[in-house]
Each structure stands twice: as structure tokens, then as C-alpha cells.
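This report refers to the structure that appears directly beneath it.
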Amino acid sequence: MGENIIPLVDERVAAPVPRIPATLAPPSGRVVDTLGRPLRDLRISVTDRCNFRCRYCMPKEVFDRHYRFLPHAELLSFEEITRLARLFVAHGVRKLRLTGGEPLLRKDVELLIGQLAALRTLDGQPLDVTLTTNGSVLARKARALREAGLQRVTVSLDALDDAIFRAMNDVDFPVGEVLRGIDTALHEGLAPVKVNMVVKRGTNDHEIVPMARFVRDRYGPRVALRFIEYMDVGATNGWRMDEVLPSAQVLQRLQAAFALEPLAAAAPGETAERWRYADGGGEIGLISSVTQAFCRDCNRARLSTEGKLFLCLFATRGHDLRALLRGGASDAELAAVIGDIWSARGDRYSELRGLQQAAPGPGQRRIEMHYIGG
Ligand code: SAM
Ligand code: SF4
Ligand code: SF4
């Protein structure tokens with residue numbers, strides 16, 4: 001089947017090489033885009049490969065043995081990633097999140113974490129370095145990650161019911177092993193842990209309350225469970241609006257089972273609307289990317305596995321920073337390019353989707369989640 005699918009190589013090579021500006025303005029730590037949004041958060045995809053085939057992300061009919069993943073030479077090296085991350089930090093980035101694909105499958109990823117954890121903001125503060133993982137090898141890796149300087153982890157877990165979880169990851173992976181990963185992460189001090197559950201109506205929506213109860217009873221405030229609306233990312237998951245369960249309905253179901261109180265946003269640009277259990281049993285979050293756009297505060301940039309800079313999760317095009325890196329650009333030139341790209345940014349896909357104005361143009365195709373990172 002994979003032979004008949006157009007691989008995503010088209011988009012990968014199509015990214016333009018950014019122009020180096022004639023005057024190289026040094027980074028001020030406060031770059032803003034055309035909508036006044038600062039650059040604060042950089043998500044770095046360290047591999048496009050994954051050992052799961054979640055149907056909403058990498059359906060196995062497409063990502064089968066014929067699918068051409070990036071060869072190693074195409075990936076940014078750890079030194080290249082760290083060099084770029086330092087320049088993003090000079091523009092104001094304070095948070096780095098490693099993602100993928102499955103980031104823990106990238107060989108020696110803890111060495112990269114060590115390099116990133118050593119970076120400092122312009123005013124000398126350590127960065128918030130974190131990682132999103134499917135948890136499959138977390139039990140084995142948690143200690144090395146923490147020793148390398150990782151502070152927290154986010155673990156994706158879509159169901160507690162083993163049969164549903166195995167069907168959703170579509171590689172028959174057992175839920176118990178992911179729970180062991182969460183336990184080990186907490187034991188090693190990678191806390192608080194966030195657990196992300198993508199809700200698909202008709203697939204795992206009846207797991208909402210059991211999942212909340214389980215997390216609350218087993219972990220209390222050490223784990224924050226977040227419910228994510230199933231999104232129309234990429235072009236392969238066959239997304240349909242009727243499979244989205246709006247967060248408002250998730251909240252109704254939770255409120256029927258627990259006494260909840262709203263919490264104020266912890267930081268500007270925060271994606272989750274947070275609620276806490278009235279009895280102090282912890283908190284939950286609702287990420288309503290489909291029904292309630294949060295573009296107005298979006299301060300996130302994404303660096304793909306092969307060094308393309310994307311300004312939106314739903315972008316159809318990246319900016320090829322690797323070509324500049326490998327073409328011998330200086331730090332000053334790269335920093336000026338990054339500043340220029342962010343200054344020109346006007347992306348607000350989810351808001352436009354809400355206004356029914358967000359379809360990709362002719363010949364355009366949205367980039368896949370496993371390549372750009374979540
Ligand atoms: N493999 C890691 C994992 O699953 O945590 C990291 C990469 S994954 C692309 C990052 C996050 O994106 C995960 O929490 C996953 O559930 C979420 N995700 C992927 N496809 C999605 C979709 N169509 N809608 C909503 N969330 C999605
Ligand atoms: Fe892999 Fe994460 Fe995508 Fe699932 S969501 S297929 S674990 S990259
Ligand atoms: Fe940010 Fe794009 Fe998501 Fe809007 S749609 S919140 S701009 S990533």
C-alpha cells in the first residue's frame with residue numbers, strides 16, 4: 001500500500017533557503033511577530049521514526065515498510081541542534097521540548113539533553129528542558145534522562161483499558177509498560193509528569209472519567225492529566241470533525257464525576273485550560289485546539305528533524321535552516337535569519353479554521369505530526 005502513497009519528500013525538499021539579510025541585527029531577546037507574539041518555546045523533533053502507529057498520527061497503511069524515513073545524514077546532529085537552540089534562546093526562547101516521532105528512539109538522546117540543559121537565557125537563567133514521549137522505553141531511560149539534566153516529561157497515554165490502548169497504538173503495545181515508565185519517571189524525580197490523552201469520539205471517549213480517576217487516585221498532584229482534542233494535523237489520518245469530542249463535553253463529563261475549580265493560566269501562551277480537584281487531588285487540563293483556538297498567544301516555533309523551521313503546527317512549508325548551517329553561515333547570520341523569519345510570522349491556523357478560512361491552498365499539503373513534532 002505504501003508504494004502508492006506519495007511520500008512526504010515533496011514538502012521536505014521544497015522548503016526555501018532563507019535569505020541572509022544585508023544588515024545583521026543582533027538578537028535582543030525580545031523578537032515579536034506581526035501579531036506581537038514573542039518567541040518563547042522551541043519544539044525540536046529529533047527523529048521522524050516511531051515504534052507506535054497511532055492511527056491519528058502515523059496510520060500503518062501509510063507508514064509501512066515502504067515508507068521512506070529520513071536517512072541519518074539528513075538529521076540535524078546534536079551539535080547542530082544545540083547551536084540553533086542557543087540562537088533561538090538569544091531571541092527569547094525559554095523552553096525547549098524534544099519531540100518526534102518518538103524522541104527516546106534517537107540514539108544517545110541524553111547527550112543532546114545534556115548539551116541543551118547547559119544553555120542559559122540572556123539573563124543567565126536555566127532553560128525549561130522537557131520531552132514528550134509515548135512512554136514505551138521510559139522506564140529504561142528515565143534515570144539517564146534525569147542525570148543528563150531533563151527536568152520533566154510529558155507522557156502520551158490514550159487509554160487505560162489495555163485492549164483499547166493496544167488498538168490505538170496499533171502495534172499491540174501494552175498499557176502496563178507505559179505506566180511503569182510514568183512510575184519510574186516520578187521515582188527518578190522527573191516531576192511533575194504531564195499525561196496527554198488525545199480524545200477520539202467513539203474510540204476512547206468512555207475512558208475519560210476512568211483515566212481521571214486512576215491518575216488522581218494513583219498519583220495525586222504529581223501528575224497532571226490533559227485531554228487533547230483530536231486535531232486535523234497532517235494529511236494522512238483521515239480526520240473527521242465528528243470524531244472530535246469538544247473539550248466542553250469532556251469537562252461536562254468530568255464535572256459530573258468530580259468537584260472541579262478553574263485555575264488561572266500559569267504562563268502566557270499556555271495551551272491548556274486548567275482545573276483542579278476541589279479536594280486538592282491534583283489538576284487536569286483541556287487543550288481545545290479545534291474548538292477554541294489559542295493562536296493569539298502562540299509563542300511556539302518548531303524545528304523539524306532535518307532542520308526546517310515551522311512557525312505553526314499546521315504549516316505547509318518550513319524554512320531550511322540546515323542549508324544555512326551546512327553552507328557555512330555564521331552565528332550572526334543565522335540569528336539574523338531566525339529573527340527575520342519570526343518577525344514576519346502571521347500564522348494563526350486554528351483561528352482561521354474557526355472562521356472556515358484555513359484550507360491548504362492548491363498543491364499544498366500540511367506537514368505530518370511525526371515529522372514536525374507535537
Ligand atoms: N511520540 C511522542 C508521543 O506520542 O508523545 C512524541 C510525538 S507525538 C507527535 C506528540 C503529541 O502529539 C502526542 O501527545 C500525541 O498524542 C499528539 N498527537 C499526535 N497526533 C495528534 C492528533 N491528530 N491530534 C491531537 N494530538 C495528536
Ligand atoms: Fe508515535 Fe507519538 Fe505519533 Fe503515536 S503520537 S505514532 S507515539 S509519534
Ligand atoms: Fe500556534 Fe498554529 Fe496552533 Fe495557532 S494553529 S496555536 S498559530 S501552532
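Values below: every heavy atom of this structure, side chains too, minus hydrogens, waters and symmetry copies. Each ligand, and each atom within it, is numbered from 1 in the order the structure gives.
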Identity and distance of the protein heavy atom lying nearest [atom]:
atom                    : result
atom 8 (S) of ligand 3  : L313 N, 3.3 Å
atom 7 (S) of ligand 3  : D347 O, 3.5 Å
atom 2 (Fe) of ligand 3 : C312 SG, 2.3 Å

**Report entry** Sole candidate of N169, D162, D170 that passes side-chain hydrogen bond (donor to acceptor under 3.5 Å, both in side chains) when paired with R166
**Finding:**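 For R166, the side-chain hydrogen bond (donor to acceptor under 3.5 Å, both in side chains) test succeeds with only one of N169, D162, D170, which is D162.
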
Query - Crowding at NE2, H206 (>12 non-hydrogen neighbours, <6.0 Å) - result: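 For H206, atom NE2 is crowded (more than 12 foreign heavy atoms under 6.0 Å).
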
Polar proximity ligand 1 side, [X] side, N/O cut 3.5 Å exclusive:
X    : value
Y230 : no
P103 : no
D158 : no

**Report entry** N-O pairing of R94 and D41 below 4.0 Å
**Finding:**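 No salt bridge links R94 with D41.
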
Query raised in the report: With backbone taken as N, CA, C and O and side chain as the heavy atoms from C-beta onward, which portion of R302 lies under 4.0 Å from ligand 3: side chain, backbone, both, or neither?
Result: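 Near ligand 3, R302 shows its side chain, while the N, CA, C and O stay back.
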
Query raised in the report: How does R300 reach ligand 3, by side chain, by backbone, by both or by neither, if only non-hydrogen atoms under 4.0 Å count?
Result: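 Side chain only; the backbone of R300 stays clear of ligand 3.
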
Query raised in the report: Quick one: does G101 get within less than 4.0 Å of ligand 1, heavy atoms only?
Result: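 Within the 4.0 Å threshold, so yes.
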
Requested in this report: Would you check whether M197 reaches within less than 4.0 Å of ligand 1, judged by its heavy atoms?
Outcome: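 It does not, in that no heavy atom of M197 comes within the 4.0 Å cut-off of ligand 1.
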
Can a side-chain donor-acceptor contact be found between [Y] and [X] if the only test is distance below 3.5 angstrom?
X    : Y    : value
S289 : E229 : no
T305 : S45  : yes
R226 : N196 : yes

Which is closest to [atom] by heavy-atom distance: [options]?
atom                    : options                : result
atom 1 (Fe) of ligand 3 : S350, C298, A301       : C298
atom 14 (O) of ligand 1 : S289, G100, S156, G135 : S156
atom 4 (Fe) of ligand 3 : G346, C295, A315       : C295

**Report entry** Euclidean distance, T184 OG1 relative to R140 CZ, rounded to 0.5 Å
**Finding:**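 OG1 of T184 is found 11.5 Å from CZ of R140.
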
Requested in this report: First locate atom NZ of K194, then atom CD1 of I284, and finally report the distance between them rounded to the nearest 0.5 Å.
Outcome: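 Between atom NZ of K194 and atom CD1 of I284 there are 13.5 Å.
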
Which ligand 3 atoms, with their elements, are less than 4.0 angstrom from a heavy-atom of [X]?
X    : answer
F294 : 6 (S)
F314 : 5 (S)
Y349 : 5 (S)

Query raised in the report: Which ligand 2 atoms, with their elements, are less than 4.0 angstrom from a heavy-atom of C54?
Result: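 Taking each heavy atom of C54 in turn, ligand 2 has 4 (Fe), 5 (S), 6 (S), 7 (S) under 4.0 Å.
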
Query - Atoms of ligand 1 close to T99 [distance to a heavy atom under 4.0 angstrom, numbered from 1] - result: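 Under 4.0 Å from T99, ligand 1 has these atoms: 6 (C), 7 (C).
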
Query raised in the report: ligand 1 versus V155, non-hydrogen atoms closer than 4.0 Å: side chain, backbone, both, neither?
Result: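 V155 to ligand 1: no contact under 4.0 Å from either part.
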
Query raised in the report: Is a donor on one side and an acceptor on the other found under 3.5 Å between the side chain of T130 and the backbone of R152?
Result: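 A pair under 3.5 Å: yes.
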
